[in-house]
Trainee: 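Pasting a structure below so you can have a look.
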Protein chains: 2
Amino acid sequence: MQSTTKKTEERRLEIIKTAEKLFKENGYRNTPIDAIIKEMGVAKGTYYYYFKSKEDVLAAIVEYQLNLIVQTVEQIANDTSLDALTKMRLLLSGSHIGDEDTGEIVEQLHLPVNRELHEVTNIQTVLRLSPIFAKIVEQGNRENVFNTRYPLETIQFLLTGGQFLLDGGLFNFSKQEIIDRRLAMQEIVEKALGAEPRTFDFMNNKLFEEENNE
Amino acid sequence: MQSTTKKTEERRLEIIKTAEKLFKENGYRNTPIDAIIKEMGVAKGTYYYYFKSKEDVLAAIVEYQLNLIVQTVEQIANDTSLDALTKMRLLLSGSHIGDEDTGEIVEQLHLPVNRELHEVTNIQTVLRLSPIFAKIVEQGNRENVFNTRYPLETIQFLLTGGQFLLDGGLFNFSKQEIIDRRLAMQEIVEKALGAEPRTFDFMNNKLFEEENNE
DNA sequence: AAAACTTGACTGACGGTCAGTCATATGGTA
DNA sequence: TACCATATGACTGACCGTCAGTCAAGTTTT
């Protein structure tokens, strides 16, 4: 029973990973299920034994990626030895939150062809991360580095803005436009959370290191 | 020649309106082009004479609706007799920006079935309204009621948050959750624009009048 | 033997194409 | 003015290819 379950889980994961790869290469719409099963060398029915629809595997991909991220974020958020600002720095310094897993493929993600992928990811990201971040904000309130009346709602708003406007790949901004928006976002975050100006400088650290690369 | 051209425009609009109606009733995906042409009593080819794809008419619907809104917004924004805060009040008081045209149908729009409709609408709304609002913010800076370093980027962030989180129908929030988020949003807007607290009270006026209805 | 898993041919829906029809307009000719 | 030829734009609907999803039957595992 255990080995079966494990095997089943493996198959499921194999489909997820294969689909993820193909979706990122060619886009969700341009990837027929036939392509996935051909790549895997299995029959159509096998796919539908594990997933009930095409969208279903999309949701699974997002859930899988997001679980990894949530794990990391939660670990930091729950570390009682860290103050709120340190937690924020660890979570937000460098580039986007979602980068950890997707990493080098991020470029491909920005194809207009991948709207479906983004859409689901963005919404889920906001919904799952906001309660965790809200805890940190509350901690920051207690530590007197933040001053926020509605921690959850505020962080949810900020995450939404950041996710959809910057990380989501929905808007096709140029490199410079992204920089401008990230700088503005830092100010908005500081003001919204009631933190001192420049408290969130770490959000844009890497921006200037990489600025001259292209 | 003129009458021909006009007739052409009418047909195009007829398709847009028919498609809009069916999309809102049954969702974008669940509305085959065959349904649109059947409703109109024309042939498939007629549709493709005016639109090159199914997505094409979606974009046209959004463009049409948005043009109406942009017109209204621009009129207020360009009124030299109004100060920035009055403009903001006129544009933001009451409920969502996008309500003017969609109005009573808003409920239907919240079906999960209409993601495609939202997505395009949301993005376009942000892109087209942000430069106009930015002008108002700059005016507010000059009038010393606002204090914003990055007017365009800030307003774009705020619009994105508001649009996707609240107006977009992407998140299925309950009535109470929406109220909480709108209250939080007011504070964020005030802080981000550097306005005095409660300056944007008008954003949530109608909230409390309607609160007891359901 | 039962249950879990796999197969792949098949179906139906649907987006999109295209050769062709028809009414009206334009314009040349006598 | 009457007549014919040519062009144009709107429209038709049969047809095609793709693809998500089904299912009855087979194979493997427990």
Side-chain angles (χ1 to χ4, degrees), chain A residues 1-62 112-117 119-120, chain B residues 1-62 112-117 119-120:
Chain A
M1 189 61 89
Q2 281 175 337
S3 70
T4 306
T5 307
K6 192 179 171 190
K7 240 185 180 171
T8 296
E9 254 337 285
E10 275 169 16
R11 244 293 122 88
R12 221 185 113 83
L13 196 60
E14 188 188 355
I15 297 176
I16 290 179
K17 283 300 171 188
T18 310
E20 184 188 349
K21 180 186 153 218
L22 294 176
F23 288 171
K24 283 178 180 169
E25 278 172 9
N26 314 314
Y28 175 75
R29 286 192 216 183
N30 298 330
T31 306
I33 290 177
D34 284 333
I36 301 172
I37 62 174
K38 192 183 163 195
E39 174 95 7
M40 292 177 60
V42 298
K44 196 78 159 277
T46 303
Y47 174 91
Y48 279 94
Y49 183 78
Y50 291 93
F51 296 94
K52 69 179 214 300
S53 69
K54 193 184 173 185
E55 280 212 335
D56 202 28
V57 83
L58 227 197
I61 291 172
V62 173
V113 125
N114 270 307
R115 274 216 225 114
E116 296 86 351
L117 211 54
E119 204 185 276
V120 190
Chain B
M1 191 61 88
Q2 282 174 338
S3 68
T4 308
T5 309
K6 192 179 170 193
K7 242 185 178 172
T8 295
E9 255 334 287
E10 276 171 14
R11 244 295 123 88
R12 221 186 113 83
L13 197 59
E14 189 188 353
I15 296 176
I16 290 179
K17 284 299 172 190
T18 310
E20 186 187 346
K21 181 188 152 217
L22 294 176
F23 287 170
K24 282 177 181 170
E25 279 172 11
N26 313 314
Y28 174 76
R29 288 192 213 181
N30 298 333
T31 307
I33 291 178
D34 285 334
I36 301 172
I37 62 174
K38 191 183 163 196
E39 175 95 7
M40 292 177 61
V42 297
K44 196 78 159 275
T46 304
Y47 175 91
Y48 279 96
Y49 183 78
Y50 291 94
F51 297 94
K52 70 179 215 299
S53 68
K54 192 184 173 186
E55 282 212 338
D56 204 26
V57 82
L58 225 199
I61 292 172
V62 172
V113 126
N114 270 307
R115 276 218 222 113
E116 296 87 350
L117 212 56
E119 200 188 276
V120 190

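Each chain gets a letter, A, B and so on, in the order the sequences are listed, and its residues count up from 1.
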Trainee: Verify the contact: side-chain N or O of A/Thr8 to OP1 or OP2 of C/dC5, cut-off strictly under 4.0 Å; return yes or no.
Mentor: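 For C/dC5, OP1 or OP2 has a side-chain N or O of A/Thr8 closer than 4.0 Å.
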Trainee: Answer yes or no: side-chain N or O of B/Lys54 and base N or O of C/dG16 forming a donor-acceptor pair under 3.5 Å.
Mentor: no
Trainee: What are the two closest non-hydrogen atoms of A/Glu14 and A/Met40, and how far apart are they?
Mentor: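 Taking A/Glu14 first and A/Met40 second, the nearest heavy atoms are CD-CE, 3.5 Å.
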Trainee: For a 4.5 angstrom cut-off between non-hydrogen side-chain atoms, does B/Val42 reach B/Arg11?
Mentor: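 Answer yes - side chains close enough.
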Trainee: What integer distance in Å separates A/Leu22:CG from D/dC19:P?
Mentor: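 Distance check: A/Leu22 CG to D/dC19 P gives 13 Å.
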Trainee: Take atom CG of B/Leu58 and atom P of C/dG15, then tell me their distance rounded to the nearest Å.
Mentor: 12 Å
Trainee: Between B/Thr46 and D/dT12, does any side-chain N or O lie under 4.0 Å from OP1 or OP2?
Mentor: yes
Trainee: Can you pull out the residues from residues 34-43 of chain B that lie within a 4.0 Å heavy-atom distance of DNA chain D?
Mentor: B/Val42, B/Ala43
Trainee: Rounding to a whole Å, what distance do you find between A/Tyr48:OH and D/dA25:C1'?
Mentor: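 Distance check: A/Tyr48 OH to D/dA25 C1' gives 20 Å.
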Trainee: Under 4.0 Å, heavy atoms only, any strand: does B/Tyr50 hit a base, just the sugar-phosphate, or nothing?
Mentor: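 Result for B/Tyr50 = sugar-phosphate.
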Trainee: Rounded off to whole Å, could you give me the CD-to-P distance for the B/Glu9 and D/dG9 pair?
Mentor: 15 Å
Trainee: I need the minimum non-hydrogen distance between A/Val57 and A/Ile15, along with the two atoms involved.
Mentor: CG2-CG2, 4.1 Å
Trainee: Can you check the B/Arg29 CZ to C/dA13 P distance for me, whole Å?
Mentor: 19 Å
Trainee: Do A/Glu20 and A/Lys17 meet the salt-bridge criterion of a basic N to acidic O distance under 4.0 Å?
Mentor: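 A salt bridge is present here (some side-chain N lies under 4.0 Å from a carboxylate O).
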Trainee: A side-chain contact here means heavy atoms from C-beta on lying under 4.5 Å apart; do B/Val120 and B/Glu55 qualify?
Mentor: no
Trainee: Rounded to whole angstrom units, what separation is found between the CD1 atom of A/Ile33 and the C1' atom of D/dT22?
Mentor: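 Those two atoms, CD1 and C1', are 12 Å apart.
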Trainee: Does A/Lys44 make a side-chain donor-acceptor contact with the base of D/dG21, cut-off 3.5 Å?
Mentor: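 Between D/dG21 and A/Lys44, which were checked side chain against base, a qualifying N/O pair under 3.5 Å is present.
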Trainee: Is any side-chain nitrogen or oxygen of A/Arg11 closer than 4.0 Å to OP1 or OP2 of C/dA4?
Mentor: no
Trainee: To the nearest Å, give me how far apart CZ (B/Phe51) and P (C/dG16) are.
Mentor: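 From B/Phe51 CZ to C/dG16 P: 13 Å.
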Trainee: Taking side chain to side chain donor-acceptor pair (under 3.5 Å) as the test, write out the residues that go with B/Lys38, two or more places apart.
Mentor: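 Listed in chain order: nothing, the list is empty.
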Trainee: Could you tell me if the side chain of B/Asp56 sits less than 4.5 Å from the side chain of B/Tyr50, heavy atoms only?
Mentor: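 With C-beta onward as the side chain, the pair stays apart.
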Trainee: So, is B/Tyr49 close to the D/dC11 phosphate, meaning a side-chain N or O under 4.0 Å from OP1 or OP2?
Mentor: no
Trainee: Specify the separation, in whole Å, of atom OH of A/Tyr47 and atom P of C/dG8.
Mentor: 18 Å
Trainee: Any idea which of D/dA10, D/dC11, C/dC14 is nearest the B/Pro32 side chain?
Mentor: C/dC14
